[in-house]
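Taking it in order: structure first as structure tokens, then the write-up.
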Amino acid sequence: MWYRSIGLKLICSVSAIAMLVIGVYASVNINTQRNQLIHEVIQSSSRVSETIKRSMRYDMLKYQPDRLHRAIDTIGAQEGIEKVRIFNYLGEIIYSSDRTEMGTMVDKSAEQCYACHAKEKPFERLTTSARSRIFETAAGHRVLGMINPIYNEPDCYSAACHVHPQEQKVLGVMDIDVSLTEVDEVIISNKKKMILFAVVAILGISLTIGLFVQRFVSRPVKHLLEGTERVSAGDLATPLDISSTSEIGTLAHSFDQMTQRLQISEQELKASEEKYRSLFDNDPNPIFVFDRATFQIIDANIRATEKYGYGREELLQMSFRDLGDPEDAEKIRSSVVEACIFLPKVRHRKKDGSIIHVDIHSCPREHLGEDVIIANIADITDSIQAEAQLIQASKMATLGEMSAGVAHELNQPLNAIRIGSDLLKKMVDRGERLNPDLTSKVSSEIAAQVERAANIINHLREFGRKSDLDELEKVNINKPIRDVFTVLGQQLKLRQIKVTLDLDENISPILGVRNRLEQVFINLVMNARDSIEEKREMVHGEGHEGVLNIRSYQEDGKVVAVVRDNGNGMPESVKEKIFEPFFTTKEVTKGTGLGLSISYGIIKDYEGTIEVESMAGSGTIFKISFPALSTEEDLQKGNSA
């Protein structure tokens, strides 16, 4: 359409700029002339006012009112002079070319008084511009008013005929009003001339620009536009028919070169797209591309459809949140702003409802002009299961190590049961009459010892149960600590190791699995036991009392457990490696090197930390910290886990 052409827009734009520039110039010129004329009138009026005041000075000094009246009437009758008045210091008009207003009082807030009386204390000296004012009369024409203060000079306050004290600085004001009719006519005439000049200039400039644009811009641009339409239709081989040597000709030549390069780039882009799609679809891990704001899946590779069981079209209708827990998606949203993040051991659901565990490596990117997140998914379900089997094997090894202590713990109730049953049997064999009180006491003791043995066996069975990674629950950390001494308490007592528990009963629960936490503390207690006995061997058992202390408390939103022993400790070289798998300082038959490594993994799974302090010969301190479930949201999380 012609009204959309660049030539018309260029003509309109340049014309508008010309109109703006000429208009601003005309406006500034008119305002400058008007201000200059007004300034000249103000200066002339000031000089006239001063001349009148000086010419009447003698009459005012001698107080000759008749002469003053005649002079003011004569001046007021002059052409261009609207009115001449003299006010005394009280604001009373004592002389005026308009006799009807003589004797009247003027309010100090009136325009002719406001300049001096704008503040509580009147000004005594004013500039010429401050003494002038412009206002419009009832007849509709403008008038310049000029006030001229009459000061109390030495001739006035020293004369015997006057009563003005020396402290009174101003005796009155002369006010002269000058018509601005002639000035306004000159201003209007200048404005009309300037407007006529502006209109002629704008029309001339617009016509010149129009002819120039049509010849040197519109025609070449039309040819260029036709060339772009051919390119948009897929024709990259036809060159432009523009022979101009101007910038547009250069542009046409560049356009032809661009179309040639575009042909080459199109081929390269197609090859690159095929390469990207090949890498994307043949990656061994599932890859998702989803919107950074809404998490709507934009693309997914073939491996993703195979792993999750959904078709590609089904995935494109889903949100990435639908594959896992909403909390994990929010972690990605809050963290992956400018940098990549790694989320380990995240639960995802396949189409058939089965659960898989994955590691998510996600990065923010720009894809086809949109802000997206690219997530690479690694299925670690097999390694999680292998880890669970390793933990279970470690439990079994721990149970094997505790077997002697467990046997001793079970021997005590079994001996009590045997003694009680032997007593009853002997009484029956002898034909003695059973004493009801004795029988009741023996049977009660047998029942208590049976319950004690059953509790030990049940606890061992619970500890040895294979736990699932997903079955997180609220756990009071004091409970697994106390459970350790259900099976190891008597063993430590026999080895003359003093155990002290300083447990805070008011600490918050944590999120974890009870028997796995017990496994952590069993490993630490057994290591402390071995360290104490190792130190005894070094000092040949002389004068060394083994002490094991476990303390629990809460600080800064963390539940903390500290395990301290006075054993042999460890040097720095050993301390750096204690959490490495299969690292041990024990003999081959006495340790696997997995206890602390597995404990470290369990603690990390529950978002905890473990720190160690130790020096050779000075004992060891392990400090374990877990996030406390204190808020309502945390408690709900624990209930749903």
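Values below: all heavy atoms of this structure, side chains included; hydrogens, waters and symmetry mates excluded.
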Looking at residues at least two apart in the chain, or sitting in another chain, which of them share a ring pair (Phe, Tyr, Trp, His ring centres under 6.0 Å) with Y553? none

Please determine whether the number of non-hydrogen atoms from other residues, nucleotides or ligands lying under 6.0 Å from atom CD of Q296 exceeds 12. yes

Atom pair CD1/CG of I602 and N523 - distance to nearest 0.5 Å: 7.5 Å

Please list, chain by chain and in numerical order, all residues satisfying salt bridge (charged side-chain N to carboxylate O under 4.0 Å, His left out) with E370, sequence neighbours excluded. none

Electrostatic pair D283:R303 at N-O distance under 4.0 angstrom: no

Test of understanding: with side-chain contact (heavy atoms from CB on, under 4.5 Å), list the residues that count as partners of A375, not counting sequence neighbours. F290, F320, I360, S362, I377

Check for a donor-acceptor pair, side chain of T381 on one end and backbone N or O of H357 on the other, with a separation under 3.5 Å. yes

Residues two or more places apart in sequence or in another chain: which of them pass side-chain hydrogen bond (donor to acceptor under 3.5 Å, both in side chains) with N285? N376

Looking only at non-hydrogen atoms, find the nearest pair between D504 and S552 and report the distance. N-OG, 3.1 Å

Taking all atoms of both residues into account, what is the closest heavy-atom pair of R514 and E473, and its distance? N-OE2, 3.3 Å

By side-chain contact (heavy atoms from CB on, under 4.5 Å), which residues pair with N476, not counting sequence neighbours? N478, I507

Run the side chain to side chain contact (heavy atoms under 4.5 Å, CB included) check on R292 and V372 step by step: do they pass? CA-CA 5 Å; R292 194 184 302 185; V372 302; 5.8 Å; no

What heavy-atom pair brings G619 and S614 nearest, and what distance separates the two atoms? O-OG, 3.1 Å

Going through the distances and angles, do R482 and L503 end up as a side chain to side chain contact (heavy atoms under 4.5 Å, CB included)? CA-CA 10 Å; R482 288 193 175 98; L503 307 180; 3.8 Å; yes

Could you pull out all residues at least two apart from D379 that satisfy salt bridge (charged side-chain N to carboxylate O under 4.0 Å, His left out)? K307

Could you measure the distance from the CG atom of D299 to the CZ atom of F288? Nearest 0.5 Å is fine. 10.5 Å

Might you work through the side chain to side chain contact (heavy atoms under 4.5 Å, CB included) test for F280 and I302, ending with a clear yes or no? CA-CA 8 Å; F280 184 74; I302 296 175; over 6 Å; no

One should read off an interatomic distance between F622 CZ and D565 CG, to the nearest 0.5 angstrom, of 8.0 Å

List in chain and number order the residues that pass side-chain hydrogen bond (donor to acceptor under 3.5 Å, both in side chains) with T305, two or more places apart in sequence or in another chain; answer none if no residue qualifies. none

Could D322 and R349 be called an ion pair, given the rule that one side-chain N must be under 4.0 Å from one carboxylate O? no

Of E533, E534, K535, which is the lone residue that meets side chain to side chain donor-acceptor pair (under 3.5 Å) with N568? E534

Nearest heavy-atom pair of P286 and A304: which atoms, and what distance? CB-CA, 3.6 Å

What pairs with K350 under salt bridge (charged side-chain N to carboxylate O under 4.0 Å, His left out), at least two apart in sequence or on another chain? none

Suppose we screen for side-chain hydrogen bond (donor to acceptor under 3.5 Å, both in side chains). Which residues come up paired with S508, at least two apart in sequence or across chains? Q554

If you compare all heavy atoms of T620 against all heavy atoms of G569, which two are closest, and at what distance to 0.1 Å? OG1-CA, 3.5 Å

Mind checking whether H348 and Y308 have parallel, tilted or perpendicular rings, split at 30° and 60°? tilted

Sorted by chain and number, sequence neighbours left out, side-chain hydrogen bond (donor to acceptor under 3.5 Å, both in side chains) with K498 holds for none

Going by salt bridge (charged side-chain N to carboxylate O under 4.0 Å, His left out), name the residues that satisfy it together with D291, two or more places apart in sequence or in a different chain. none

Take L524 and I624 through the side chain to side chain contact (heavy atoms under 4.5 Å, CB included) test and state the conclusion after the steps. CA-CA 11 Å; L524 295 178; I624 306 173; 3.5 Å; yes

Under the rule for side-chain contact (heavy atoms from CB on, under 4.5 Å), what residues qualify as partners of E268, not counting sequence neighbours? I264

Test item: E545 side-chain N/O and I497 main-chain N/O as donor-acceptor pair under 3.5 Å: no

